[in-house]
Amino acid sequence: MTTETTPQGDVDDDQVVEEQAVDELSDADEATDNDTAADNDTAADEDTAATDASGADDDDDDDDDEDDDDEDERLIEEGEIAGDYLEQLLDVLDFDGDIDLDVDGDRAVVSIDGGDDLTKLVGRKGEVLDALQELTRLAVQQATGDRSRLMLDIARWRADRRERLARLGREVAERVLASGEKESLDPMTPFERKIVHDAVADVDGVVSESEGMEPKRRVVVLRSS
């Protein structure tokens, strides 16, 4: 098993893995008699004020850079904690896989690839994967004291799902644009709906919105007015 840092089996087997996983497993000037001297004093004061303002801007930029660095370090730490936890879990479950750590925006991302039968850790419709992700987030929170939004992917299930949903969003948007008839998609999770919304937003002349209540909330695509 290797760990790198870088910028769905039979129904019975799935059930056993899910049970094992669960078990192991939210920043004025002073006047003088000399007019020329007064002008010089005023100019000096303006230069000083400009320098102070520039210095304040530089300090703000430095603070922003420090905040960004702190956030990156926090996400990297989350990924490393998650990687250690998942490595031990894979050993307990007797699964092989390469663990890859990354940062995507404001989330730490951990991916497990390369092992045999890893789809058993994904389960039907990603159910086991979702459970493992929540357990991993809890492990990170226990270690850091902060709520984690870490994303876990196994055998590229989420990555492939993202690509399929983005393609679906574009295709539906283009059909709606051509026909003028709105279309409703199947119920999706908030994560899946966001992918579709983003894809639809790339097509001019159409918009998307969510309708219904969880867990049957769905994306509806229609022409923009």
Side-chain angles (χ1 to χ4, degrees), residues 1-22 24-25 72 75-141 148-173 185-202 208 215 218-219:
M1 180 183 306
T2 60
T3 302
E4 300 176 1
T5 303
T6 63
Q8 253 170 294
D10 293 338
V11 172
D12 291 341
D13 288 343
D14 284 346
Q15 185 175 357
V16 170
V17 171
E18 183 171 3
E19 291 174 352
Q20 287 179 303
V22 172
E24 297 293 337
L25 313 179
D72 287 343
L75 295 176
I76 291 172
E77 180 186 9
E78 281 195 11
E80 291 174 345
I81 294 170
D84 291 341
Y85 172 78
L86 290 167
E87 186 172 3
Q88 296 177 37
L89 183 62
L90 290 177
D91 287 340
V92 170
L93 298 177
D94 196 23
F95 279 87
D96 291 324
D98 298 327
I99 300 177
D100 181 76
L101 312 179
D102 201 357
V103 172
D104 183 8
D106 60 350
R107 290 177 186 258
V109 179
V110 182
S111 304
I112 305 178
D113 292 295
D116 296 332
D117 296 329
L118 281 178
T119 52
K120 293 180 179 179
L121 296 181
V122 174
R124 296 181 296 275
K125 297 183 179 180
E127 292 171 346
V128 178
L129 174 56
D130 287 341
L132 289 173
Q133 177 174 275
E134 288 307 310
L135 287 171
T136 305
R137 288 177 174 180
L138 288 173
V140 172
Q141 181 175 346
S148 173
R149 299 179 64 245
L150 175 143
M151 182 71 72
L152 173 63
D153 196 4
I154 299 178
R156 285 188 53 82
W157 190 85
R158 292 199 197 279
D160 292 342
R161 179 69 170 159
R162 181 190 293 270
E163 292 173 0
R164 291 194 299 269
L165 288 170
R167 184 166 59 250
L168 173 64
R170 290 191 297 269
E171 291 172 351
V172 172
L185 281 65
D186 292 334
M188 298 179 183
T189 66
F191 170 75
E192 294 168 336
R193 292 197 302 270
K194 183 182 185 305
I195 296 172
V196 176
H197 285 311
D198 289 344
V200 172
D202 289 335
S208 61
R218 65 187 68 221
V219 174

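Residues take their numbers from the sequence shown, with the count starting at 1. Computation of the quantities below employed the complete heavy-atom set of this structure, encompassing side-chain atoms and omitting hydrogens, waters and symmetry-equivalent molecules. In this text, all values refer to a predicted model and were calculated from it rather than measured experimentally.
- The minimum heavy-atom distance linking Gly79 with Ala108 is given by the pair N-CB, 4.1 Å.
- Heavy-atom minimum distance, Phe95 versus Asp117: CE2-O, 3.3 Å.
- Taking the side chain as every heavy atom from C-beta outward, Gln133 and Met151 approach each other to under 4.5 Å.
- Taking the side chain as every heavy atom from C-beta outward, Leu150 and Leu75 never approach each other to under 4.5 Å.
- Residue Ile154 is tested with Leu86, Val110, Asp113, Leu118 for a side-chain contact (heavy atoms from CB on, under 4.5 Å); the sole match is Leu118.
- Using a 4.5 Å heavy-atom threshold, the side chains of Ile112 and Asp153 count as separate.
- Qualifying side chain to side chain contact (heavy atoms under 4.5 Å, CB included) partners for Arg167, counting only residues two or more places apart in sequence or in other chains: Arg164, Arg170, Glu171.
- Taking the side chain as every heavy atom from C-beta outward, Leu152 and Val109 never approach each other to under 4.5 Å.
- For Arg161, the salt bridge (charged side-chain N to carboxylate O under 4.0 Å, His left out) partners at least two apart in sequence or on another chain are Glu192.
- With sequence neighbours excluded, no residue satisfies side chain to side chain contact (heavy atoms under 4.5 Å, CB included) with Pro215.
- Residues Lys120 and Val128 are not in side-chain contact: their nearest non-hydrogen atoms beyond the backbone lie 4.5 Å or more apart.
- Between atom OG of residue Ser111 and atom CG of residue Asp102 there is a gap of 7.5 Å, rounded to the nearest 0.5 Å.
- How far CE of Met188 is from NZ of Lys194: 14.0 Å, rounded to the nearest 0.5 Å.
- Under a 4.0 Å N-O distance rule, the pair Asp198/Arg193 does not qualify as a salt bridge.
- Applying the salt bridge (charged side-chain N to carboxylate O under 4.0 Å, His left out) rule to pairs touching residues 103-112 yields Asp106-Arg149, sequence neighbours excluded.
- Rounding to the nearest 0.5 Å gives a distance of 9.5 Å between CG of Leu185 and OG of Ser208.
- Looking only at atom types and distance, the side chain of Ser148 has no donor-acceptor partner in the side chain of Gln141 under 3.5 Å away.
- Surrounding CZ of Arg162 are at most 12 heavy atoms belonging to other residues, nucleotides or ligands under 6.0 Å away.
- Legend: residues meeting side chain to side chain contact (heavy atoms under 4.5 Å, CB included) with Glu77, ordered by chain and number and at least two apart, are Ile81, Thr144.
- With values rounded to the nearest 0.5 angstrom, Leu89 atom CG is found 6.0 Å from Leu132 atom CG.
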Val219 and Asp186: CA distance, side-chain angles, deciding distance, side-chain contact (heavy atoms from CB on, under 4.5 Å) verdict: CA-CA 8 Å; Val219 174; Asp186 292 334; over 6 Å; no
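- Listed by chain and number, the residues in a salt bridge (charged side-chain N to carboxylate O under 4.0 Å, His left out) with Asp72 amount to none (sequence neighbours excluded).
- Within the 4.5 Å cutoff, no side-chain heavy atoms of Val196 are placed close to those of Val172.
- Remark: Ile195 CD1 to Glu163 CD distance equals 10.0 Å, nearest 0.5 Å.
- In terms of heavy-atom proximity, Leu101 sits nearest to Gly83 at CD2-CA, 4.2 Å.
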